[in-house]
Amino acid sequence: MTRLLIVGPPGAGKGTQAARITAAYGIPDVSTGDIFRANIKNQTPLGVQVKAIIDSGDYVSNDLTNALVKSRLEEDDALGGFLLDGYPRTLEQVAYLDELLASKGQALDAVIQLVADQDAVVARLRKRAIEQGRTDDTEEAIRHRQEVYARETSPLIDVFRDRGLLIEVDGLGEIDDVARRISDALAARGITAVESSVETA
């Protein structure tokens with residue numbers, strides 16, 4: 001049972017590496033964005049609430065986000081472990097997750113932080129924006145998102161570092177190289193993949 005969390009700034013390749021990790025370790029990618037979309041699509045009671053909040057331009061509250069994540073973690077595919085992506089985002093959500101896992105005699109095994117030089121990430125995202133014709137993705141807008149991420153996540157990262165859970169991985173370079181760094185760092189903690197795709201990629 002492997003319970004992981006992945007964090008990283010926009011453009012660091014978090015989505016790409018999350019897909020690699022879930023395949024290699026046989027665990028689902030539990031992404032808050034996916035959870036929101038699935039509940040809205042299926043018109044669940046929680047999904048109806050989320051849609052109304054998003055349509056009004058507001059942020060989904062901690063309580064509602066927590067309820068959605070709790071519901072997702074109780075699905076069969078997540079009982080044997082998971083990779084959290086996009087949650088927790090606040091210290092209140094960290095506290096809720098702690099209580100939720102503790103009630104089942106569980107805890108996070110590791111927190112993977114993809115570290116990337118801001119200038120390198122900005123250059124990568126600007127190149128992608130130009131290729132895709134996204135004129136609104138200016139360097140200023142991209143840098144602002146980087147700063148918001150750093151401001152919002154730094155308190156959480158400090159918590160996980162203090163607990164000895166944080167694994168810092170260089171997120172720049174070839175996809176296979178980054179994946180290998182992650183698998184090596186997890187293996188050093190006794191967390192091994194269920195298949196060798198990451199290690200031999």
Does [X] reach the main-chain N or O of [Y] with its side chain, forming a donor-acceptor pair under 3.5 Å?
{"X": "Tyr149", "Y": "Gly8", "answer": "yes"}
{"X": "Ser71", "Y": "Ala67", "answer": "no"}
{"X": "Asp109", "Y": "Arg3", "answer": "yes"}
{"X": "Gln17", "Y": "Ala12", "answer": "no"}
{"X": "Gln146", "Y": "Pro10", "answer": "yes"}
{"X": "Ser56", "Y": "Ile53", "answer": "yes"}
{"X": "Thr32", "Y": "Gly86", "answer": "yes"}

Answer yes or no: is there a side-chain heavy-atom contact under 4.5 Å between [X] and [Y]?
{"X": "Thr2", "Y": "Phe82", "result": "no"}
{"X": "Asn39", "Y": "Thr44", "result": "yes"}
{"X": "Gln113", "Y": "Ile157", "result": "yes"}
{"X": "Asp98", "Y": "Val94", "result": "yes"}
{"X": "Tyr25", "Y": "Ser183", "result": "yes"}
{"X": "Val169", "Y": "Ile167", "result": "yes"}
{"X": "Tyr87", "Y": "Leu97", "result": "yes"}
{"X": "Leu5", "Y": "Pro88", "result": "yes"}

Do [X] and [Y] share a hydrophobic cluster (ILVMFWY, side-chain heavy atoms under 4.5 Å, transitive)?
{"X": "Val159", "Y": "Leu101", "answer": "yes"}
{"X": "Leu4", "Y": "Val111", "answer": "no"}
{"X": "Leu64", "Y": "Val69", "answer": "yes"}
{"X": "Val30", "Y": "Leu79", "answer": "no"}
{"X": "Leu84", "Y": "Leu156", "answer": "yes"}

Mind listing the closest non-hydrogen atom pair of [X] and [Y] along with its distance?
{"X": "Gly171", "Y": "Val178", "answer": "O-CG2, 3.6 Å"}
{"X": "Asp136", "Y": "Ala141", "answer": "O-CB, 3.9 Å"}
{"X": "Leu125", "Y": "Gly11", "answer": "CD2-CA, 3.6 Å"}
{"X": "Ala18", "Y": "Asp85", "answer": "CB-OD2, 4.2 Å"}
{"X": "Gly80", "Y": "Ile27", "answer": "O-CG2, 4.3 Å"}
{"X": "Arg72", "Y": "Pro28", "answer": "NH2-CB, 3.7 Å"}

Please determine whether side-chain contact (heavy atoms from CB on, under 4.5 Å) holds for the pair Leu114 and Ile182, giving the CA-CA distance in whole Å, both sets of side-chain angles, and the decisive distance to 0.1 Å. CA-CA 9 Å; Leu114 293 182; Ile182 292 171; 4.0 Å; yes
Within a 6.0 Å radius of atom [atom1] on [X], are there more than 12 heavy atoms belonging to other residues, nucleotides or ligands?
{"X": "Asp58", "atom1": "CG", "answer": "yes"}
{"X": "Glu174", "atom1": "CD", "answer": "no"}
{"X": "Lys104", "atom1": "NZ", "answer": "yes"}

Sequence neighbours excluded, which residues qualify as side chain to side chain donor-acceptor pair (under 3.5 Å) partners of Glu74?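 Listed in chain order: Lys70.
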Going by the rule side chain to side chain donor-acceptor pair (under 3.5 Å), which residues pair with Asp119 if we only count those two or more places apart in sequence or in a different chain?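 Testing Asp119 for side chain to side chain donor-acceptor pair (under 3.5 Å), a comparison that skips the adjacent residues, returns Arg143.
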Strictly below 4.0 Å, N to O, side chains only: are [X] and [Y] in salt-bridge contact?
{"X": "Asp158", "Y": "Arg163", "value": "no"}
{"X": "Asp176", "Y": "Arg20", "value": "yes"}
{"X": "Arg145", "Y": "Asp137", "value": "yes"}
{"X": "Glu147", "Y": "Arg151", "value": "no"}

Take Asp177 and Asp170 through the side-chain contact (heavy atoms from CB on, under 4.5 Å) test and state the conclusion after the steps. CA-CA 10 Å; Asp177 292 339; Asp170 181 0; over 6 Å; no
For the [atom1] atom of [X] and the [atom2] atom of [Y], what is their distance to the nearest 0.5 Å?
{"X": "Ile21", "Y": "Thr16", "atom1": "CD1", "atom2": "OG1", "result": "10.5 Å"}
{"X": "Arg126", "Y": "Glu131", "atom1": "CZ", "atom2": "CD", "result": "11.0 Å"}
{"X": "Thr65", "Y": "Glu92", "atom1": "OG1", "atom2": "CD", "result": "11.5 Å"}
{"X": "Glu75", "Y": "Ile35", "atom1": "CD", "atom2": "CD1", "result": "8.0 Å"}
{"X": "Asn62", "Y": "Thr90", "atom1": "CG", "atom2": "OG1", "result": "3.5 Å"}
{"X": "Arg189", "Y": "Leu165", "atom1": "CZ", "atom2": "CG", "result": "6.5 Å"}

Lys51 and Gln43: side-chain contact (heavy atoms from CB on, under 4.5 Å), yes or no, with the steps? CA-CA 9 Å; Lys51 187 175 187 303; Gln43 297 185 328; over 6 Å; no
Asp63 and Tyr96: side chain donor to acceptor below 3.5 Å: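 Distance-only check fails for Asp63 and Tyr96.
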Intermediate values then yes/no, side-chain contact (heavy atoms from CB on, under 4.5 Å), Val7 and Phe160: CA-CA 11 Å; Val7 297; Phe160 294 128; 5.9 Å; no
